[in-house]
Amino acid sequence: MGTVVDSANQGAGSMPPNKKVTVIFVLGGPGSGKGTQCTNIVENFGYTHLSAGDLLRAEIKSGSENGTMISNMIKEGKIVPSEVTIKLLQRAIQENGNDKFLIDGFPRNEENRAAFELVTGIEPEFVLFFDCPEEEMERRLLGRNQGREDDNIETIRKRFKVYMESSLPVIEYYNSKGKVRKIDAAKPVGEVFEAVKAVFAPADEKVAA
Ligand SMILES: Nc1ncnc2c1ncn2[C@@H]1O[C@H](COP(=O)(O)OP(=O)(O)O)[C@@H](O)[C@H]1O
Ligand SMILES: Nc1ccn([C@@H]2O[C@H](COP(=O)(O)OP(=O)(O)O)[C@@H](O)[C@H]2O)c(=O)n1
Ligand SMILES: [Mg+2]
């Protein structure tokens, strides 16, 4: 398993040569439970969790020159240009000693997907897709209480539209390649995790055998 990241494919000072990494994309609508389940996967299967949204929010807090642009885009539910998000993901992968990553909330559109592949040479092992009805996602987002500027009904509606128009086609793309592992995410957290475990456990047994 894993993709050998070719240093020739990298910008100066990016990935160390031949760092072999396994990447799983964790996708699903806003509020489908991606972050919650990633925490469970990290505890049980030794992955490192990289949330694109968390990295972007940290970039705003750090006072980066892109901060205002990122903040405005998040408030509007828009997708930040790939260049910015990919740099943050690359840096996080590079700085981490682990070689197994859950990339949560990325790629969110075709531009994200194609640019990541081009810049890093990384193809995901598979895509974990949390499938959840919009009304349930809306309820969860309105109750999330993390003080997020985008968890208000006006922005939530915009995020759902972006999800339907731009993110679902990416999931369809991976589905056509047989890479999607779809999970019914409308159930309670524990039941969802049981389904997640069934996706991860067989791969681990194979490694151990
Ligand atoms: N299966 C679930 N059932 C009910 N609430 C959930 C479930 N999974 C997550 N939540 C809650 O819903 C909100 C959104 O979950 P989160 O993991 O942040 O989703 P995402 O990262 O996909 O937006 C959080 O408040 C979380 O505690
Ligand atoms: N690949 C990404 C991921 C997030 N984002 C931005 O960050 C916001 C929040 O993303 P998130 O993944 O934290 O949101 P949830 O799906 O967890 O609710 C998105 O609505 C986008 O504005 C982005 O621009 N590009
Ligand atoms: Mg999240």
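Atom set for the values below is all heavy atoms of this structure, side chains included, hydrogens, waters and symmetry mates excluded. We count ligands from 1, going down the list as the structure has it; atoms in each ligand are counted the same way.
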Which of the atoms of ligand 2 are close to [X], meaning less than 4.0 Å from one of its heavy atoms?
| X | value |
| --- | --- |
| Asn112 | 1 (N) |
| Val80 | 23 (C), 24 (O) |
| Gly105 | 1 (N), 2 (C), 3 (C) |
| Arg57 | 9 (C), 13 (O) |
| Ala52 | 1 (N), 3 (C) |
| Ile79 | 24 (O), 25 (N) |
| Arg144 | 17 (O), 18 (O) |

If you count the atoms of ligand 1 from 1 in the order shown, which ones are under 4.0 Å from a heavy atom of [X]?
| X | result |
| --- | --- |
| Gly35 | 17 (O), 21 (O) |
| Gly29 | 22 (O) |
| Val189 | 1 (N), 2 (C), 7 (C), 8 (N) |
| Thr36 | 9 (C), 15 (O), 16 (P), 17 (O), 26 (C) |

**Asked** So does Lys161 have more than 12 non-hydrogen atoms from other groups sitting under 6.0 Å from NZ?
**Response** no
Have a look at [options] and point out the one with the heavy atom closest to [atom].
| atom | options | result |
| --- | --- | --- |
| atom 15 (P) of ligand 2 | Glu76, Met73, Arg108 | Arg108 |
| atom 24 (C) of ligand 1 | Arg144, Glu136, Arg139, Gln37 | Arg144 |
| atom 2 (C) of ligand 1 | Lys34, Arg140, Arg148 | Arg140 |

**Message:** Test of understanding: given a 4.0 Å heavy-atom threshold, classify the contact between Gln146 and ligand 1 as side chain, backbone, both, or neither.
**Reply:** neither
**Request:** With heavy atoms only and a cut-off of under 4.0 Å, state how Ala186 meets ligand 1: side chain, backbone, both or neither.
**Result:** neither
**Request:** Give a yes or no on whether the ring-centroid distance for Phe101 and Phe25 is below 6.0 angstrom.
**Result:** no
**Message:** Walk me through whether Arg159 and Asp151 qualify under salt bridge (charged side-chain N to carboxylate O under 4.0 Å, His left out).
**Reply:** CA-CA 10 Å; Arg159 289 157 72 197; Asp151 281 349; 2.9 Å; yes
